[in-house]
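Just below is one structure, and these are the notes that go with it.
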Amino acid sequence: MSEHKKEEEKSLNFIEEIIEADLAAGKYDHIVTRFPPEPNGYLHIGHASSICLNFGLTRKYPGYTNLRFDDTNPVTEETEYVESIKDDIRWLGFTWKNELYASDYFGKLYDFAIVLINKGLAYVDDSTSEQIASLKGTPTEPGVNSPFRDRSREENLDLFMRMKNGEFPDGSRTLRAKVDMAHPNMIMRDPILYRIKHAHHHRTGDEWCIYPMYDFAHGQSDSIEEITHSLCTMEFIPHRELYDWLINKLEIFPSHQYEFARRNLNYTVTSKRKLLQLVNDKHVTGWDDPRMPTITGLRRRGYTPESIVDFCDRIGIAKRENLIDVSLLEFCIREHLNKISHRRMVVFDPLKVIITNYPEGQVEMLKSEDNPEAEKVEYRDLPFSRELYIEADDFMEVAPKKYFRLAPGQMVRLKSAYIIRCDEVIKDENGKITSLHCSYIPESKSGEDSSGINVKGTLHWVSIAHAVTAEVRLYDRLFRVEDPSSEDGDFKDYINPDSLKVVETVFAEPSLKKSRFDDRYQFLRKGYFCLDKDSNEEKLIFNRTVTLKDAWAKEQKKN
RNA sequence: UGGCCUAUAGUAUAAUGGUAGUACGACAGAUUUUGGUUCUGUUUGUCUAGGUUCGAAUCCUGGUAGGCCAACCA
């Protein structure tokens with residue numbers, strides 16, 4: 001009930017307003033949207049926003065969403081990308097009604113072209129691409145008609161058929177719409193509809209050697225599928241006029257195009273060209289490198305689909321330029337992981353602690369909660385013994401006022417175990433600290449503490465004899481600057497050299513030996529981690545998804 | 001210097017002619033066996049100049065700033 005109310009109170013974005021108005025006016029009784037990726041790269045966080053928009057709309061309103069691959073350029077498109085795209089959408093939790101390809105419509109599109117020629121609205125142009133460009137004019141000057149613009153219907157029909165039959169080489173001829181070479185919108189200056197490319201297509205093979213351009217494929221595909229609301233990004237605004245012109249002249253189902261601003265995330269890039277460069281130039285290990293803003297990269301990093309969908313919901317949709325703060329994405333993943341991850345203790349940079357009053361050889365099994373946030377809290381076993389590791393920076397020989405951790409003579413609690421006091425600092429001949437001699441308070445056992453002692457700090461720890469080793473990979477932002485693309489020079493000059501820090505050997509509590517892929521962990525006081533696919537029987541490798549918020553680090557930065 | 005799009009706290013997004021709100025961030029405090037979580041509080045905004053109106057973030061005009069358009073890419 002309250003959930004329903006909340007839904008009602010949430011304001012609509014401008015596209016939802018359009019849809020509600022259309023539905024209310026009886027223009028449609030259901031809506032049809034589509035997600036139209038070009039299979040020439042991996043999906044990234046910006047696509048996630050579009051996916052959530054298109055699929056989200058038909059969850060909210062009656063109707064459905066098609067997945068349609070915009071595969072009209074055989075030179076750049078590959079089946080590998082088709083599979084990854086489908087995988088990513090499914091992982092995000094969305095289901096398409098029909099899996100379609102613009103190439104499914106090559107036959108129909110050819111027929112549409114014939115219709116246009118017959119109406120005197122398209123012609124075959126023998127100009128070279130340079131000639132076409134030079135006759136196009138500029139934004140401030142009108143273009144000039146091509147010398148081939150007034151060919152007869154018969155000649156156009158004959159030539160176009162021969163283009164299709166493979167009689168002409170690549171680039172020798174195009175089919176152009178006859179609109180207006182003086183149009184203020186340059187897209188309308190006799191746009192190219194078809195080009196010759198003797199290239200193998202990932203689906204149609206060698207059946208075709210002419211391929212439609214985006215403008216003669218996208219809108220027509222929308223129309224064939226009776227897409228009601230065709231959503232795309234702002235750079236297609238000038239194309240809308242052509243989109244409508246073609247649908248109007250062809251007298252086919254009137255799909256409508258609406259544009260929204262693509263979402264940009266700071267400290268990264270989301271252009272397929274740039275991401276491809278990062279991969280090809282080996283700045284990252286692949287499309288699924290955990291530092292990449294790709295869906296597959298975020299997935300490997302440990303992001304959950306829920307957190308990404310939540311992020312997309314929160315950033316909303318609008319028409320203005322934007323650069324979204326990555327801290328919001330981090331908030332979304334922390335919020336989800338805090339609820340679902342299992343707590344574990346892992347020491348990254350060990351300092352040996354000997355509990356001098358704890359019997360040698362004794363091992364005590366303690367209980368520690370898997371997740372204090374869970375509705376039903378479950379526990380795991382934790383071995384405690386005389387020799388432990390704590391984090392080196394959890395000890396300071398000379399501690400500042402607000403330092404709540406271990407220092408000579410000071411007491412701290414070991415999480416889920418006992419309170420200990422630091423009695424003696426052991427150093428080697430160089431003065432380097434090698435271990436700490438501490439004593440524990442037997443009455444302070446976690447859950448049955450009768451010591452009456454209050455300590456400020458609680459530390460994570462592992463029993464040395466029981467620890468398992470692992471590698472951790474700590475990730476930071478891929479770029480040093482908020483908006484690499486807007487900086488001078490090559491965007492790659494702004495790559496953060498410290499975006500990956502590998503800690504080869506960390507010491508983990510033994511329960512982590514049983515880690516599985518897809519398990520989510522919070523390493524206490526360290527961050528959220530998940531098992532990386534590079535792990536194997538011999539070696540555990542964890543990726544840090546995101547750090548915990550760290551008030552102490554912030555405090556230190558101030559001084 | 002043609003056409004088109006956009007302009008609300010640091011960021012993102014509401015307010016649909018009638019009290020400028022929400023989230024993230026930042027800051028301060030409370031709680032805490034994670035310096036986590038949770039809770040409370042504080043901070044900061046309508047690009048600008050006119051006009052219409054009883055009343056303008058909202059409508060109109062001019063300006064300013066940013067973006068897009070001259071691939072046989074999508």
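Numbers restart at 1 for each chain; the letters A, B, ... are given by sequence-line order, proteins then strands. These figures come from a predicted structure and were not determined experimentally.
- Comparing U33(B), G2(B), U34(B) against the side chain of Pro372(A) picks out U34(B) as the nearest.
- For A74(B), the base is not stacked against the aromatic ring of Tyr214(A), per a cut-off of 5.5 Å between centres and 30° between planes.
- The nucleotide whose nearest atom lies closest to any side-chain atom of Asn13(A) is, among A14(B), G35(B), A70(B), A14(B).
- Taking the side chain of Ile324(A) as heavy atoms from C-beta on, and the options U8(B), C72(B), A12(B), the nearest nucleotide is A12(B).
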Salt bridge (charged side-chain N to carboxylate O under 4.0 Å, His left out) between Lys554(A) and Asp550(A): does it pass, once the steps are laid out? CA-CA 6 Å; Lys554(A) 208 179 264 184; Asp550(A) 191 345; over 6 Å; no
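- Toward the 5′ end of RNA chain B lies the nearest nucleotide of Gly457(A), the other residue of the pair Gly457(A) and Pro238(A) mapping further downstream.
- Side-chain proximity of Ala318(A) to A12(B), A74(B), U13(B): nearest is U13(B).
- With G35(B), U37(B), C4(B) as the candidates, the nucleotide lying closest to the side chain of Arg405(A) is G35(B).
- Across U58(B) and U48(B), the matching P atoms stand 11 Å from one another, rounded to whole Å.
- Rounded to a whole angstrom, the distance from the P atom of G63(B) to that of C5(B) is 16 Å.
- Judged by a 6.0 Å distance limit and a 45° cone about the ring axis, Lys274(A) is positioned over the six-membered ring of Phe491(A).
- Here G36(B) is the nucleotide among G36(B), A23(B), C73(B) with the atom lying nearest to any side-chain atom of Arg343(A).
- A28(B) and G21(B) have their P atoms separated by 25 Å, with the value rounded to a whole Å.
- Annotated as syn: A71(B), whose glycosidic dihedral is within 90° of 0.
- Straight-line distance between the C1' atoms of U38(B) and U33(B): roughly 16 Å, to the nearest whole Å.
- Contact annotation for Pro36(A): no contact, since no heavy-atom pair falls under 4.0 Å across all strands.
- Comparing the P positions of A57(B) and A15(B) gives an interatomic distance of 15 Å, to the nearest angstrom.
- Closest to the side chain of Lys319(A), from the set G35(B), U6(B), U34(B), is U6(B).
- Taking only side-chain nitrogens and oxygens, Lys554(A) comes nearer than 4.0 Å to OP1 or OP2 of A26(B).
- Residue Met186(A) is the one, among Pro212(A) and Met186(A), whose nearest nucleotide of RNA chain B lies closer to the 5' end (criterion: closest heavy atom).
- Distance noted for atom P between C24(B) and A20(B): 23 Å (whole Å).
- For Lys549(A), taking side-chain heavy atoms from C-beta onward, the closest of the listed nucleotides G35(B), G36(B), A14(B) is G36(B).
- Between the C1' atoms of G41(B) and U8(B), the separation comes to 24 Å (whole Å).
- When the side-chain nitrogen and oxygen atoms of Arg195(A) are compared with OP1 and OP2 of A74(B), one or more of them lie within a distance under 4.0 Å.
- Picking from C73(B), G36(B), A14(B) the nucleotide with the shortest atom distance to the side chain of Ser11(A) gives A14(B).
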